[in-house]
A.B. asks: 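Submitted below is the structure of interest, expressed as structure tokens.
Just so we're clear, the structure is a prediction, and the values are computed from it rather than from any experiment. Numbering of residues begins at 1 and proceeds along the displayed sequence. Every number for a ligand or one of its atoms is a count from 1 in the order of the listing.
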Amino acid sequence: MTTDPLTQFKAAQRDAWATFIPLTSFTIMAAASLVDFAEVRSGQSLLDVACGTGIVALTAERRGARVRGVDLAPALLAEARQLTGSLGVQVEFHEGDVEALPFADSSFDVVLSQFGHMFAPRPQVAIDQMLRVLKPGGRIAFSTWPSTLLMARLFELVGEYLPLPAGVAAPAAWGDHAIVRQRLGDGVRQIEFNYDDTTVPALSPRHLAVALEAAVAPVTQVVQRLHEQPARLRQFRERLDALIGEYFSRNRVRQTFLMTRALKR
Ligand SMILES: C[S@@+](CC[C@H](N)C(=O)[O-])C[C@H]1O[C@@H](n2cnc3c(N)ncnc32)[C@H](O)[C@@H]1O
């Protein structure tokens with residue numbers, strides 16, 4: 001059994017994200033926006049990093065790209081393969097860590113990640129790997145949650161109850177333009193940002209909170225952690241519902257996301 005905190009963190013992530021499958025329907029619409037923003041074209045070789053159930057990969061495949069996906073969680077990859085088979089298309093899925101991508105240098109024309117690479121503990125290692133496997137002149141693009149809006153605020157709330165281990169960066173920082181620019185560094189040119197919205201159906205803030213508690217690893221982990229502390233769990237849930245309530249209206253929760261794109265030098 002390893003005692004290295006980062007290895008332990010990733011092992012926990014690998015298992016915890018297995019529950020994400022039901023939320024796939026919430027990421028489908030956003031995937032089309034990212035694939036558009038990345039200007040994916042027929043014949044390009046493309047990698048979907050932290051692909052989960054393969055939503056971005058399959059969207060890009062429909063545009064004619066030759067696609068591979070990579071993710072830490074075997075349960076999500078099994079779902080991705082099943083979905084791919086049921087759609088009658090070809091996408092290769094690989095188990096792997098964004099901090100050690102199992103591909104040769106300069107393998108892809110396009111490298112994408114939707115709400116994925118932002119969960120790697122070391123952002124600079126993750127971005128360096130994504131740029132390493134990208135061809136010179138190729139495009140990197142990713143979607144993250146803006147620092148001041150719902151999902152980033154939710155991760156900050158989770159962090160108050162379940163602090164991240166030492167050496168693990170906060171995912172919310174990926175929603176800040178200046179931080180994103182700094183992490184992309186001098187290895188890229190033409191950094192551009194854009195925003196889009198996606199809408200999640202819900203009967204009430206608690207209805208969405210229940211789905212997040214069941215399917216989004218950091219939220220699931222905090223609820224498990226607070227199981228023995230009912231008063232704190234109740235307080236966490238009240239704050240979670242109040243936060244979601246700020247974005248809830250007429251059975252919809254509006255989520256704005258940030259897209260970033262750049263070209264490798
Ligand atoms: C919010 S889900 C997004 C999944 C998918 N991209 C989508 O849009 O539906 C986050 C994903 O990041 C993956 N992930 C987290 N840490 C990772 C790492 N270090 N390397 C690869 N994948 C990772 C999880 O397994 C999970 O599939």
A.B. asks: Within a strict 4.5 Å, meaning less than it, do heavy atoms of the K135 and K264 side chains meet?
C.D. replies: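 Not in contact.
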A.B. asks: Does NZ or CZ of R153 lie under 6.0 Å from the centre of the six-membered ring of W145, at an angle within 45° of the ring axis?
C.D. replies: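 Output no; distance or angle outside limits.
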A.B. asks: Please report which non-hydrogen protein atom sits nearest to atom 20 (N) of ligand 1, along with the residue it belongs to and the distance in Å to one decimal place.
C.D. replies: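 That would be V98 N, 3.0 Å.
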A.B. asks: Do any N/O atoms on T53 end up under 3.5 angstrom from N/O atoms on ligand 1?
C.D. replies: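 In fact, backbone or side chain, T53 has no N or O that close.
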A.B. asks: Return the option from G52, A31, A50 holding the heavy atom at the smallest distance from atom 12 (O) of ligand 1.
C.D. replies: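 Heavy atom nearest to atom 12 (O) of ligand 1 belongs to A50.
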A.B. asks: Considering only heavy atoms of G96, which atoms of ligand 1 have at least one such atom less than 4.0 Å away?
C.D. replies: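 Near G96, the atoms of ligand 1 are 20 (N), 21 (C).
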A.B. asks: Could you check whether E61 pairs with R66 (Lys NZ or Arg NE/NH1/NH2 to Asp/Glu carboxylate O, under 4.0 Å)?
C.D. replies: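 Salt bridge: no.
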A.B. asks: Could you list which atoms of ligand 1 come closer than 4.0 Å to a heavy atom of D97?
C.D. replies: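 Close to D97: 18 (C), 19 (N), 20 (N).
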A.B. asks: Mind checking whether T84 and L87 have side chains closer than 4.5 Å, heavy atoms only?
C.D. replies: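 No. Closest side-chain heavy atoms not under 4.5 Å.
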A.B. asks: Counting each atom of ligand 1 from 1 as listed, which ones have a heavy atom of F115 under 4.0 Å away?
C.D. replies: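 Those of ligand 1 that fall under 4.0 Å from F115 are 1 (C), 2 (S), 3 (C), 10 (C).
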A.B. asks: Closest approach of F37 and N194, non-hydrogen atoms and distance?
C.D. replies: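 So the two residues come closest at CE1-CB, 3.5 Å.
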A.B. asks: Among all protein heavy atoms in this structure, tell me which lies nearest to atom 8 (O) of ligand 1, with the distance rounded to 0.1 Å.
C.D. replies: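 For atom 8 (O) of ligand 1, the nearest protein heavy atom comes out as Q114 NE2, 2.8 Å.
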A.B. asks: Salt bridge or not between R139 and D109? Use side-chain N to carboxylate O under 4.0 Å.
C.D. replies: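 A salt bridge is absent here (no side-chain N lies under 4.0 Å from a carboxylate O).
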A.B. asks: Can you pull out the closest protein heavy atom to atom 13 (C) of ligand 1? Residue, atom name and distance to 0.1 Å, please.
C.D. replies: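 Heavy-atom neighbour on the protein nearest atom 13 (C) of ligand 1: D71 OD2, 3.4 Å.
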A.B. asks: For atom 17 (C) of ligand 1, what is the closest protein heavy atom, and at what distance to 0.1 Å?
C.D. replies: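 So the nearest neighbour among protein heavy atoms is L72 CD2, 3.5 Å.
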A.B. asks: Is any NZ, NE, NH1 or NH2 atom of the basic residue among D186 and R181 found under 4.0 Å from an Asp or Glu carboxylate oxygen of the other?
C.D. replies: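 Not counted as a salt bridge, because no side-chain N and carboxylate O are separated by less than 4.0 Å.
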A.B. asks: Please report which non-hydrogen protein atom sits nearest to atom 9 (O) of ligand 1, along with the residue it belongs to and the distance in Å to one decimal place.
C.D. replies: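 Checking every protein heavy atom, the shortest distance to atom 9 (O) of ligand 1 gives T27 OG1, 2.9 Å.
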A.B. asks: Where's the contact between C51 and ligand 1, heavy-atom distance under 4.0 Å: side chain, backbone, both or neither?
C.D. replies: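 Only the backbone of C51 comes within reach of ligand 1.
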A.B. asks: Does the side chain of L208 come within less than 4.5 Å of D241's, by heavy atoms?
C.D. replies: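 Heavy-atom side-chain distance check fails, nothing below 4.5 Å.
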